[in-house]
*Asks:* 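Mind looking over this structure? Questions follow.
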2 protein chains.
Amino acid sequence: MRQQILVEATRLFAARGFDGTSLQDLADAVGIRKPSLLYHFNSKAELRRGVLEELLSHWQDVLPRLLLAATSGLRRFDAITRELVTFFTDSPDRARLLVREALDRPVELRASIVDNVSPWVKVVCDNIRAGQKQGMIHPDVDPEAYVTHVIALVISSVATFDTVGAVMHAGDDAQAQRARHVAELLRVARSSLFRPRERADDDNETTTLTSADHQAR
Amino acid sequence: MRQQILVEATRLFAARGFDGTSLQDLADAVGIRKPSLLYHFNSKAELRRGVLEELLSHWQDVLPRLLLAATSGLRRFDAITRELVTFFTDSPDRARLLVREALDRPVELRASIVDNVSPWVKVVCDNIRAGQKQGMIHPDVDPEAYVTHVIALVISSVATFDTVGAVMHAGDDAQAQRARHVAELLRVARSSLFRPRERADDDNETTTLTSADHQAR
DNA sequence: CCTACCGATCGGTAGG
DNA sequence: CCTACCGATCGGTAGG
């Protein structure tokens with residue numbers, strides 16, 4: 001039951017916001033009475049905490065695994081961005097929820113980022129700086145700012161695709177549009193990070209990344 | 001008075017959201033009684049319309065001027081992205097308001113985009129395609145998706161900087177952090193669009209863009 | 001632009 | 001997990 005409440009709460013908070021969702025709305029969606037919700041979660045604020053906790057807990061396991069894996073360079077870049085993109089495209093509600101939280105409670109989310117995300121971002125940034133010394137990565141990349149932008153871009157693109165996707169061709173079907181959207185996102189992130197290689201050694205780098213995106217769907 | 005109400009409404013809707021702001025909150029901020037608000041705006045929904053209308057009206061004049069100006073290539077790219085960035089950094093409430101609207105009313109905002117934004121995006125995309133034929137722009141850029149991402153990145157970066165900026169160095173002052181953040185945003189947008197030039201003809205392209213950003217502050 | 005007021009809904013509690 | 005209920009606040013109206 002608790003889990004079922006969290007599922008519906010996630011859906012409703014993402015769609016209408018925390019203030020735009022009443023306990024009555026949520027009770028109706030779950031199929032129970034309003035006071036029964038407050039048996040599982042003592043207050044509406046606790047419900048918010050529960051929803052957010054479940055969202056963030058996913059990365060507690062995944063991030064360390066990705067970052068401590070014995071890969072490097074483009075390979076690692078692929079693994080991390082792919083994980084980031086699939087996590088949010090799998091269920092765009094996660095992206096909408098995070099954006100709403102950033103707007104509604106900037107101070108609290110900022111504290112949570114400092115505690116849980118910053119240490120891992122630092123690892124990624126150290127990797128980028130190493131890549132810059134090796135000459136693989138553009139020397140004028142600002143690592144912290146770059147990582148921030150890529151994360152913000154993935155999350156906000158997914159969160160607002162239904163709205164912003166309006167500028168894309170109406171002819172294509174929605175599936176194809178999403179695929180194009182994600183493919184371009186990955187291209188922007190990659191091409192602004194890695195230096196173009198001098199030699200024309202064709203090992204299908206671009207193709208690998210694009211097909212990875214298609215697997216994600 | 002009407003203008004003063006719109007100013008406070010913009011501030012409060014951006015900070016707490018439409019559903020998170022009561023007419024009482026707004027009346028207190030303006031310094032009048034609640035029913036007096038409803039003399040100027042017949043309903044809360046009309047207030048939302050008024051706030052959004054004022055926000056979008058800015059582009060009605062600026063966009064055509066920028067796009068029909070007799071410049072091209074990197075020069076035009078600079079002018080457009082600079083306008084986009086300064087508009088939102090001048091008052092981040094605009095960015096927060098648009099993101100909230102995208103989340104709260106996707107269908108309505110989508111319609112407004114199709115009517116007011118899409119035609120201009122098409123002009124930019126035609127420019128990009130022309131640049132691709134000339135070889136100035138990466139051939140694998142997806143124009144519609146690229147433009148969408150740059151707009152989304154600018155808006156969401158500004159909207160969530162207070163939260164997401166937590167990953168950047170705590171040592172620097174806030175002003176410097178914002179400048180770094182914006183500079184990297186412009187670098188990502190530019191370097192993922194333009195092809196690297198073969199010859200080393202140093203005409204300070206990068207410096208121009210970066211100092212333009214500093215003017216914006 | 002104000003005072004006075006309204007029905008509906010809000011999050012939450014008592015008690016079983 | 002339910003019924004019954006509460007004070008506070010919501011957007012909005014009447015009337016001046």
Side-chain angles (χ1 to χ4, degrees), chain A residues 1-55 93 96-98 100-109 112, chain B residues 1-55 93 96-98 100-109 112:
Chain A
M1 189 73 259
R2 195 190 141 92
Q3 197 56 29
Q4 199 175 335
I5 293 173
L6 283 177
V7 168
E8 292 300 324
T10 300
R11 196 175 58 81
L12 287 170
F13 290 169
R16 312 179 190 172
F18 183 76
D19 289 319
T21 305
S22 69
L23 292 179
Q24 191 61 63
D25 291 338
L26 179 54
D28 290 347
V30 177
I32 59 178
R33 305 289 173 174
K34 191 177 63 168
S36 307
L37 286 178
L38 295 161
Y39 164 76
H40 296 282
F41 297 87
N42 291 320
S43 69
K44 202 186 177 187
E46 202 166 298
L47 248 163
R48 157 183 261 152
R49 251 174 274 131
V51 165
L52 214 64
E53 210 169 90
E54 178 149 289
L55 185 85
D93 281 347
R96 296 189 193 108
L97 215 53
L98 277 182
R100 284 192 186 278
E101 195 68 13
L103 292 171
D104 287 346
R105 300 162 51 91
V107 177
E108 293 83 352
L109 188 57
S112 171
Chain B
M1 189 75 258
R2 194 190 141 92
Q3 197 56 30
Q4 199 175 334
I5 293 172
L6 283 177
V7 168
E8 292 300 324
T10 300
R11 195 176 58 80
L12 287 171
F13 289 170
R16 312 179 191 174
F18 183 77
D19 290 319
T21 306
S22 69
L23 292 179
Q24 190 62 62
D25 292 337
L26 179 55
D28 290 348
V30 177
I32 59 178
R33 305 291 173 173
K34 192 176 61 165
S36 308
L37 286 178
L38 295 162
Y39 163 76
H40 295 282
F41 298 87
N42 290 320
S43 69
K44 202 186 178 189
E46 202 165 296
L47 249 163
R48 157 183 262 153
R49 251 174 272 130
V51 166
L52 213 64
E53 210 168 273
E54 179 148 291
L55 186 85
D93 282 346
R96 296 187 193 109
L97 215 52
L98 278 182
R100 284 191 186 279
E101 196 67 12
L103 292 171
D104 288 346
R105 298 161 53 89
V107 176
E108 293 82 353
L109 188 57
S112 171

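A quick note: this is a predicted structure, and the numbers were derived from the prediction, not measured. Side chains included, hydrogens not; waters and symmetry mates left out as well; all remaining heavy atoms used. Chain naming here is simple, since letters A, B, ... match the order of the sequence lines and numbering starts at 1 in each.
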*Asks:* Nearest 0.5 Å, what's the CG-CD1 distance between B/L26 and B/I5?
*Replies:*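 One gets 7.0 Å once the value is rounded to the nearest 0.5 Å.
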*Asks:* Supply the atom-to-atom distance B/T10 OG1 to B/L97 CG, rounded to the nearest 0.5 angstrom.
*Replies:* 6.0 Å
*Asks:* So which pairs with a foot in residues 16-43 of chain A pass side chain to side chain donor-acceptor pair (under 3.5 Å), sequence neighbours left out?
*Replies:*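 Only A/R16-A/D25, A/S22-A/D25, A/Q24-A/D28 qualify under side chain to side chain donor-acceptor pair (under 3.5 Å).
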*Asks:* Working to the nearest 0.5 Å, report the span between CZ of A/F13 and CZ of A/R100.
*Replies:* 11.0 Å
*Asks:* Calculate, to the nearest 0.5 Å, the distance between atoms CG and CG belonging to B/L38 and B/L23 respectively.
*Replies:*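 One gets 5.5 Å once the value is rounded to the nearest 0.5 Å.
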*Asks:* Going from CZ on B/F41 to CG on B/L47, what distance comes out if it is rounded to the nearest 0.5 angstrom?
*Replies:* 5.0 Å
*Asks:* Rounded to the nearest 0.5 Å, how far apart are CG of A/D104 and CZ of A/R48?
*Replies:* 6.0 Å
*Asks:* Please list, chain by chain and in numerical order, all residues satisfying side chain to side chain contact (heavy atoms under 4.5 Å, CB included) with A/E54, sequence neighbours excluded.
*Replies:*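 If we apply the side chain to side chain contact (heavy atoms under 4.5 Å, CB included) test to A/E54, skipping adjacent residues, the hits are A/Q3, A/L6.
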*Asks:* In residues 13-35 of chain A, which residues come under 4.0 Å of DNA chain D by heavy atom?
*Replies:*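 Those residues whose heavy atoms fall under 4.0 Å from DNA chain D, taken from residues 13-35 of chain A in numerical order, are A/I32, A/R33, A/P35.
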*Asks:* Would you mind reading off the bend of the helix from C/dC1-D/dG16 to C/dG16-D/dC1 from its two end axes, five pairs each, to 10 degrees?
*Replies:*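 Result, rounded to 10 degrees: 0°.
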*Asks:* Among residues at least two apart in sequence or on other chains, which ones pass side chain to side chain contact (heavy atoms under 4.5 Å, CB included) with A/A29?
*Replies:* A/E8, A/R11, A/L12
*Asks:* So with a 6.0 Å cut-off around CD of B/E53, is the heavy-atom count from everything else above 12?
*Replies:*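 Not buried by this count: 12 neighbours or fewer within 6.0 Å.
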*Asks:* Would you grab the first and last nucleotide of DNA chain D (5' to 3') that comes under 4.0 Å of any non-hydrogen atom in chain A?
*Replies:*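 On DNA chain D, the outermost contacted nucleotides are D/dC1 to D/dA4.
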*Asks:* Of B/I5 and A/S43, whose closest DNA chain C nucleotide lies nearer the 5' terminus?
*Replies:*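 Nearer the 5' end of the strand: B/I5.
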